[in-house]
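Below you'll find the structure, written out as structure tokens, and then a few comments.
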Amino acid sequence: MKLHLTGLLLLTLCLSAPIAPVDAQERATLLKGPKDASNQYSGLEYGPIDANDTLWRIAERYRQNNNLSVYQVMTAIYELNPDAFENGNLNLLVDGAVLKLPSERYIARIDKQKAQMRAEQDDREFAELLNKPGSSVRNIKPASPLVNQNDLTQTQTDIEQKITRLDQEQTRQFDELRMQFAASLENVEALLNENRKLYDRVEAVNGELETLRGQVEGDVKSQLDMQVALQQELLDMIKAEQAQREAEKQDSFLNALTSPMSLIIGSGVLTLLLVGGLIAWLLKRNSAPEEAPVTTPPISSNNDDVLRYRMLILVIYLIHWRLT
């Protein structure tokens, strides 16, 4: 439906558009100007007029603004060149006349409907004039309507061809758009699938990270417990070693005291001390003053000394034996 509406619109525009000139005489006719241009006169001219010219073709060829109708251009040309028309009729151009072409501003001031009504009225008068018996008009153009039927047929054919080409182009573009849209949908679907896969991978990675974190926390905790146990064990070993060293020190002191060499040295020193003490005691006793009266000691006193001496020797012997 849209394509048909577009075709109708293009048909309307093409009907109002100027028809490309194909006549050799029209191609040979020159447009002169601009010279002495004004608000009414554009400075361009068309001519000289010959038998093949019609005001419709001239106006359609000269029109440069599609917003202006051919009827407006025709009326403006007539107003600038009234002497170039017989009996004031738009269909009766005078051969050899040179037409001054109006400016666009001058054409725009003319009412479209009035210009069309004027052209249709001239067509009717021209037809009556041709059909009137015995009529003689100077420089009457051949019976050719303002709108040539062949031109209309050619224009219609061209428009139909253009519409066909436009339909084909629109169909092709529509197919391309449809293919692009389908490709876009496929791309979007592929992106969605890829995003879904990435989401699943992220979820899997998060799960693995949670598992690793749990394992790491368990390993760290076990390692910390192991370190604490090792430190405690090391402290216990250090304490045990210190206690062992203390015990070894005490044992070494006792061993040193109870070793044979120590006993021998101790017994020897003790014996020497006892002997030295005995000698000192004897010397002290012998060094008593001579003036003292000599008295015979009783036998009991000498026996006591001998007994003490023997007891002392026995004690020394016992100590020496105990040490050895």
Side-chain angles (χ1 to χ4, degrees), residues 11 13-35 40-66 68-104 106-107 110 112 115-162:
L11 179 60
L13 292 176
C14 291
L15 286 175
S16 61
I19 301 174
V22 293
D23 194 57
Q25 181 64 31
E26 292 181 3
R27 288 197 301 268
T29 305
L30 300 178
L31 289 174
K32 302 177 182 179
K35 180 176 68 176
Q40 299 179 358
Y41 176 44
S42 64
L44 298 175
E45 294 179 349
Y46 184 93
I49 300 299
D50 58 21
N52 294 321
D53 289 323
T54 63
L55 185 59
W56 176 274
R57 291 181 181 178
I58 296 171
E60 189 178 35
R61 181 182 180 187
Y62 172 66
R63 185 183 61 160
Q64 298 178 355
N65 188 349
N66 293 329
L68 301 174
S69 68
V70 179
Y71 296 108
Q72 287 176 290
V73 179
M74 291 167 58
T75 304
I77 292 175
Y78 171 78
E79 291 180 356
L80 284 181
N81 306 275
D83 296 335
F85 297 87
E86 289 286 342
N87 298 329
N89 193 295
L90 300 180
N91 295 282
L92 299 177
L93 281 171
V94 177
D95 290 340
V98 177
L99 301 178
K100 294 182 178 180
L101 301 178
S103 64
E104 185 175 341
Y106 185 74
I107 298 172
I110 299 174
K112 291 183 180 181
Q116 184 174 355
M117 292 174 61
R118 164 68 187 279
E120 293 174 353
Q121 179 65 28
D122 288 352
D123 287 342
R124 288 192 294 269
E125 293 178 357
F126 181 69
E128 292 175 358
L129 184 61
L130 290 178
N131 295 327
K132 186 177 180 180
S135 62
S136 60
V137 180
R138 291 186 305 104
N139 196 28
I140 293 179
K141 301 292 288 184
S144 177
L146 295 178
V147 179
N148 190 284
Q149 187 63 33
N150 293 330
D151 294 340
L152 286 177
T153 304
Q154 183 65 31
T155 303
Q156 185 178 1
T157 304
D158 295 340
I159 290 173
E160 290 177 354
Q161 293 178 356
K162 290 181 179 178

Residues at least two apart in sequence or cross-chain that pass side chain to side chain contact (heavy atoms under 4.5 Å, CB included) with Ala97, listed by chain then number, are Ile49, Ala84, Val94
So ring pair (Phe, Tyr, Trp, His ring centres under 6.0 Å) across residues 83-103, not counting sequence neighbours, yields Tyr78-Phe85
For the side chain of Asp122 and the backbone of Ala119, is there at least one donor-acceptor N/O pair under 3.5 Å apart? no
Correct closest heavy-atom pair for Leu90 and Met74 would be CD1-CE, 4.1 Å
Is it the case that Gln121 and Arg124 place a side-chain donor and acceptor less than 3.5 Å from each other?
yes
In short, Glu104 meets Asn65 closest at the heavy-atom pair OE2-ND2, 2.7 Å
Side-chain donor or acceptor of Gln72 paired with backbone N/O of Ile110 under 3.5 Å: yes
- Message: Apply side chain to side chain contact (heavy atoms under 4.5 Å, CB included) to residues Leu80 and Tyr106 and explain how you reach the verdict.
- Response: CA-CA 10 Å; Leu80 284 181; Tyr106 185 74; 4.1 Å; yes
**Prompt:** Quick one: are Gln161 and Asp158 in side-chain contact, heavy atoms under 4.5 Å?
**Reply:** yes
Practice item. Verify, without hydrogens or angle tests, whether Tyr62 (side chain) and Pro102 (backbone) share a donor-acceptor contact under 3.5 angstrom. Key: yes
Hits for side chain to side chain contact (heavy atoms under 4.5 Å, CB included) against Gln64, two or more places apart or cross-chain, chain-then-number order -> none
Looking only at heavy atoms, the pair that brings Pro48 and Val98 closest together is CA-CG2, 4.3 Å
Rounded to the nearest 0.5 angstrom, the CG-CG distance for Asp95 and Asn52 is 9.5 Å
Correct closest heavy-atom pair for Thr75 and Ala115 would be OG1-CB, 3.3 Å
Min side-chain heavy-atom separation Glu125-Leu129 under 4.5 Å:
no
Checklist entry - Do Leu93 and Thr54 have side chains that get closer than 4.5 Å, going by heavy atoms? => result no
*Any chance the side chains of Asn89 and Asn91 put a donor and an acceptor closer than 3.5 Å?*
yes
What one should report as the nearest heavy-atom pair of Leu101 and Tyr41 is O-CD1, 3.5 Å
